[in-house]
2 protein chains.
Amino acid sequence: MSERVVPAAARRRRRPTKQGVVLSEELIVETALRLIEEHGTEALSVRRLGRALGADPSSLYRYFRHTDDLMLAVADELIGRTMRTWRPSGDWRTDLRDLGLRMHAGALAHPRAAVLSAYRVTGRVYEIQAVEAILGVLRGAGFPDAEAVRIYHAYVDQALAFGALDSANTALPKPARDAEAAVWQATYARLPSDTYPHIAATARYLVATMRHSSYPAALDLLLSAAAARLAEIRGSAEG
Amino acid sequence: MSERVVPAAARRRRRPTKQGVVLSEELIVETALRLIEEHGTEALSVRRLGRALGADPSSLYRYFRHTDDLMLAVADELIGRTMRTWRPSGDWRTDLRDLGLRMHAGALAHPRAAVLSAYRVTGRVYEIQAVEAILGVLRGAGFPDAEAVRIYHAYVDQALAFGALDSANTALPKPARDAEAAVWQATYARLPSDTYPHIAATARYLVATMRHSSYPAALDLLLSAAAARLAEIRGSAEG
DNA sequence: ACCTTATGACAACACCGTTGACCTGTTAAG
DNA sequence: CTTAACAGGTCAACGGTGTTGTCATAAGGT
């Protein structure tokens, strides 16, 4: 053993697989993403990925230390794709709203990766660029550094957390999701108004909104609060 | 097979295990929670739980259809514990803040259950009570129904999402967590200020805040925005 | 006291991630 | 052009997982 994984830059001997495929970090990451896209969250295992690539599962351990490492790479690629298509307009609130929704959408498109990337710091290129960009928007808007960091942190974690939450839900096997919907219709919509007055009174709204993610609403609340804070700051700076 | 699981109410023959334990849904749920508490997230598997109970793993399938069902039961018990110790004061903002922090803390204490309960509707007793209580606080504060539901949804999902996010992080094996911390210190704190001016400028704040959960900050932002919205509503109602 | 049957136990299945030992084609040095 | 080193692919195995079909038995109603 000693060191099984060789850093991508130092790779030289491109020996093809028995089935003729030439492996690479990128090919593996792409295939993993494709697998998740096509066959859902649970389709991703080292063994299946090996099969999809036309390589022995254990070969992957020449490129990634564990499954986790692989998932971090996938996660970073995801961040990269989101950032690559983002064009800041100059208005901080619009930009952060837009970016938040993009990150959320990206997460939904790749549920399993989203869950992993949400609670891990990849420390890879794209992640760093994203951090820089968001901090830039906030500081550009006039938030003082400490405040910018505080809001940055809440903003990013919120996007990641909702992304993970909603995509975990998305990734449920179909019967389970149907069961969820049924619970709302069957259980919550029919609770008696004497024991559960508040639920009964709002049942129609509840059933309607529960279908959609609450992320946009939560995001708007956060941005409103930030805007209010900024107005305060500007006011006291002038006064 | 046909139907392996018998509803709790209909159980009659309390046959003890080979090792002399009398199983029950409650005992299983409690043991599962204890196992998570004592030996961390990964200590929970059907087989280990069976061992801890002194029963064959397959016996558990007489009580729960799959692991998932079991986890939902665990999740609901968690909600129950949180609600049982909550004493509303009458001030909506204080109460929601308090409850949010409690839910978050509860999630952190039981990482694996938190992750599961975050994206599932249990439809069980305690969950329903929680929904009723929160809606009650919001409507009592004067939010009109549609608005109350919108805020309820964002509030709950945010609590669950951050709970899951932070507890997933908590549940990382120790070496992985140390690695995370190292990434912040080693990578982010040392980026050159010419290519990453915003990160460099705020590095000290970044490193400091990244240690703590951003949930309290996010919660406060959400509640501020809700308060602002409420003031607006009251204003237009009077005017 | 008997019979039914709920419920526990057993054994097996198909999967999983990971690793140590082995083998071989590529490549760089002579 | 040959050759030797070794990166990188393969194989087989380990110990784990959730789940299920089948069997055995003690509890409880009659």
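Hydrogens, waters and symmetry mates play no part in the numbers below; they use all other heavy atoms, side chains included. To find a chain, count down the sequence lines: A is the first, B the second, and so on, and within it residues start at 1.
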Check your understanding: More 5' along DNA chain C: His66(A) or Arg62(A), using each one's nearest nucleotide?
Key -> His66(A)

State whether [X] places a side-chain N or O below 4.0 Å from either non-bridging phosphate oxygen (OP1 or OP2) of [N].
| X | N | result |
| --- | --- | --- |
| Ser59(A) | dT10(D) | yes |
| Thr67(A) | dT18(C) | yes |
| Lys18(B) | dT25(D) | no |

Point to revise | Nucleotide of dG21(D), dG17(C), dT10(D) approaching Arg47(A) most closely (side-chain heavy atoms) | key: dG17(C)

Practice item. Choose from dC16(C), dG17(C), dT26(C) the nucleotide whose nearest atom is closest to any side-chain atom of Arg48(A). Key: dC16(C)

Point to revise | Cation over ring face, Arg84(A) and Tyr126(A), 6.0 Å, 45° | key: yes

Does [X] reach a base, just sugar-phosphate, or nothing at all? Heavy atoms under 4.0 Å.
| X | answer |
| --- | --- |
| Pro57(B) | nothing |
| Tyr63(B) | sugar-phosphate |
| Thr17(A) | sugar-phosphate |

[X] [atom1] to [N] [atom2], straight-line distance once rounded to whole Å:
| X | N | atom1 | atom2 | value |
| --- | --- | --- | --- | --- |
| Phe64(A) | dG17(C) | CZ | P | 14 Å |
| Asp68(B) | dT17(D) | CG | C1' | 15 Å |
| Leu60(A) | dG9(D) | CG | P | 9 Å |
| Tyr61(A) | dT18(C) | OH | C1' | 5 Å |
| Glu25(A) | dG8(D) | CD | P | 12 Å |
| Asp56(A) | dG17(C) | CG | C1' | 13 Å |
| Leu53(B) | dT7(C) | CG | C1' | 15 Å |
| Leu49(A) | dC15(C) | CG | P | 17 Å |

Exercise for review: Verify, without hydrogens or angle tests, whether Thr17(B) (side chain) and Gly20(B) (backbone) share a donor-acceptor contact under 3.5 angstrom.
Suggested key: no

Check your understanding: Quick check: does any side chain N or O of Ser59(A) sit under 3.5 Å from a backbone N or O of Ala55(A), one acting as donor and the other as acceptor?
Key -> no

Practice item. Record whether the side chain of Arg15(A) comes under 3.5 Å of the base of dG25(C) through a donor-acceptor pair of N or O atoms. Key: no

Exercise for review: Start with the C-alpha distance between Thr85(B) and Arg102(B), add both sets of side-chain angles, then the distance that settles side-chain hydrogen bond (donor to acceptor under 3.5 Å, both in side chains), and finish with yes or no.
Suggested key: CA-CA 9 Å; Thr85(B) 59; Arg102(B) 272 166 197 274; 3.0 Å; yes

Point to revise | 5' precedence on DNA chain D between Val21(A) and Ser45(B) (nearest-nucleotide basis) | key: Val21(A)

Review point. Taking the nucleotide of DNA chain D with the closest heavy atom to each, which residue, Arg51(B) or Pro16(B), is nearer the 5' end?
Key: Arg51(B)

Could you list the donor-acceptor pairs under 3.5 angstrom formed by side chains in residues 22-37 of chain A, with sequence neighbours left out?
| from | atom 1 | to | atom 2 | distance (Å) |
| --- | --- | --- | --- | --- |
| Ser24(A) | OG | Leu27(A) | N | 3.1 |
| Thr31(A) | OG1 | Leu27(A) | O | 2.6 |
| Glu37(A) | OE2 | His110(A) | NE2 | 3.2 |

